[in-house]
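See below for the structure under consideration.
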Amino acid sequence: MSELVRVDEWTWEIPASARDDMRVPARIFADEEILAEIAGDLSLDQLQNVATLPGVTGAAIAMPDIHQGYGFPVGGVAATELPDGVVSPGGVGYDINCGVRLLALPISERELGPRREALVHEISRAIPAGAGKHGGVRLSDEHLDAVLRDGPRALPDVRPDDIERTESEGRLDGAEPAAVSERARLRGRDQLGTMGSGNHFVELQEVAEVLDPVAARAFGLAAGQVTVLIHSGSRGLGHQVCTDYVKLMDARLAAYRIHLPDRQLACAPASSPEGRRYLGAMAAAANFAWANRQAIADSVRRAVRTVLGDAVAAGTEQVYDVAHNVAKVEVHGGKRVCVHRKGATRAFPAGSEEIPERYRDVGQPVFIPGSMGTASFVLVGQPGALERSFGTTCHGAGRRLSRTAARRRVHGSELRRELEARGIVVRCPSPKGLAEEAPLAYKDVDRVVRVVERAGLARRVARLVPLGVVKG
DNA sequence: ATGTTC
């Protein structure tokens, strides 16, 4: 990528002058090795395409875990100025509010001991996994409306501290159940509490290393402690919402005189009827996703109760829950903007009113799942994120091989043996799915996290290593 | 990501 200009040690930029249609620069946080890894794919071309969107402001931004997506790259951030800038469903992605939730158990790995396998097994029994899996909570029309409008607080017996420790308290403003199609509702109505497939998982972990003792204490984490990381999204419901609105907006591009280099960037002014309707449907799907992770967390607590007893289940506290795929109205630099985060995590610094009071002095927790069998990180948002990336950091290790390429390199059965030889308990409905998620298919999460830390976007708090994994 | 090619 010859037109890439180095801005500072961890920031690179393609100037807006590189193409006739770019309105702002395309900027990426990376090191040389990450740049070399993405040189062969289209992710930076996609980032330049994002820089052409009407109303885009600042820069089209990529995190070090960037990889190719549909239209927008995964690991991308784009802010459009309101009221007339566009909103683009592709800038959120098909899995609306895919995200992660971390639970902290009141026991150490040593105390868990040989009950590790039983716990992973109970978790896998409690949570339906795999593509198209039903078997979640079957919702009436009225209850589904309540979930779409209000998120997890519409579920029975939800702990208030779970709600408080969820981004946006699990409820995006402006949710409009009536903007969610009947087909989307049908796909979602029996999927609440199901994991899905692809890179979704529930992982049992141990805090291997505490890097920031003050923040770790605030988050309720200590060395040796057992945690559970839940990664899932809005399932078929969110997928259908994205499908519906990409199609709708694609048909209206000419009416709004919008010219795009890629039809998968289909968008409409955020203030238009189509834009407002999408934002209402997207918020509803996001609320569904938060309710889904709540239902999964409830299942995890039930598994904990079965294996470890009532006291351990009651002492299992939610650290936080973050969205990876969502668009939000925020104020940055005095402007009201619609921040699209696709495979990117909000990372607000200490003092932000958006952070639960108990974390406000340290900053917002962020969770970065590594690839299966490697480490994950707990980070905390830093002021540099507000200055440089609309309050955003990375969301994971980031793919470096396609699913097909990963399957050619390793067999699921072989990978499973390797993981179990390292003491990691594995439960997985599909060996093929396991191979697609092999560590060799992902970038090095330590390097990705180092870039966002050095760039001042987020600071490392703790490193988590897997004890067991339940794959979707 | 996805009733994995409406």
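So you know, we letter chains A, B, ... as the sequences are listed, proteins then strands, and number each from 1. These numbers come from a predicted model, not from an experiment. What's counted below: heavy atoms across the whole structure, side chains too, no hydrogens, waters or symmetry copies.
- Contacts of A:Gly198 with the nucleic acid, taken as non-hydrogen atoms under 4.0 Å apart, involve only primed sugar atoms and P, OP1 or OP2.
- Phosphate proximity of B:dT2 to A:Ser197: present, with a side-chain N or O under 4.0 Å from OP1 or OP2.
- Rounding to whole angstrom units, CE of residue A:Met195 and P of B:dT4 are separated by 19 Å.
- Distance A:Arg403 CZ to B:dT4 C1': 10 Å, rounded to the nearest Å.
- If you measure from atom CD of A:Gln191 to atom P of B:dT2, you get 8 Å, rounded to the nearest angstrom.
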Subject >> Trace of the salt bridge (Lys or Arg N to Asp or Glu O under 4.0 Å) decision for A:Asp145 with A:Arg185 >> reply: CA-CA 9 Å; A:Asp145 276 337; A:Arg185 294 172 67 98; 2.8 Å; yes

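- Toward the 5′ end of DNA chain B lies the nearest nucleotide of A:Tyr94, the other residue of the pair A:Tyr94 and A:Gly130 mapping further downstream.
- For the segment residues 231-250 of chain A, the set of residues with a heavy atom within less than 4.0 Å of an atom of DNA chain B comprises A:Arg235, A:Gly236, A:His239, in numerical order.
- With B:dT2, B:dC6, B:dT4 as the candidates, the nucleotide lying closest to the side chain of A:Arg183 is B:dC6.
- Although no hydrogens or angles enter the test, the distance criterion places no donor-acceptor pair under 3.5 Å between the side chain of A:Asn325 and the main chain of A:Ile96.
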**OP:** Dump the intermediate steps for salt bridge (Lys or Arg N to Asp or Glu O under 4.0 Å) on A:Lys328 and A:Glu167, then the final yes or no.
**Re:** CA-CA 12 Å; A:Lys328 288 179 135 177; A:Glu167 183 174 328; 2.6 Å; yes

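- Rounded to a whole Å, the CG atom of A:Leu186 is 16 Å from the C1' atom of B:dT2.
- Within 4.0 Å of A:Glu436, counting heavy atoms only, lies no atom of the nucleic acid at all.
- In this entry the distance linking CG of A:Asp95 with P of B:dT4 reads 16 Å, nearest Å.
- Within 4.0 Å (heavy atoms only), A:Arg399 reaches no atom of the nucleic acid at all.
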Subject >> side-chain hydrogen bond (donor to acceptor under 3.5 Å, both in side chains) between A:Glu274 and A:Tyr245, worked out >> reply: CA-CA 8 Å; A:Glu274 295 83 359; A:Tyr245 283 90; over 6 Å; no

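- Judged by distance alone, with hydrogens and angles left aside, the side-chain atoms of A:Arg301 form a donor-acceptor pair with the main-chain N or O of A:Thr316 at under 3.5 Å.
- A donor-acceptor pair under 3.5 Å links the side-chain atoms of A:Asn287 to the main chain of A:Leu148, judged by distance alone.
- A cation-pi contact, defined as under 6.0 Å to the ring centre and within 45° of the axis, links A:Arg346 to A:Phe348.
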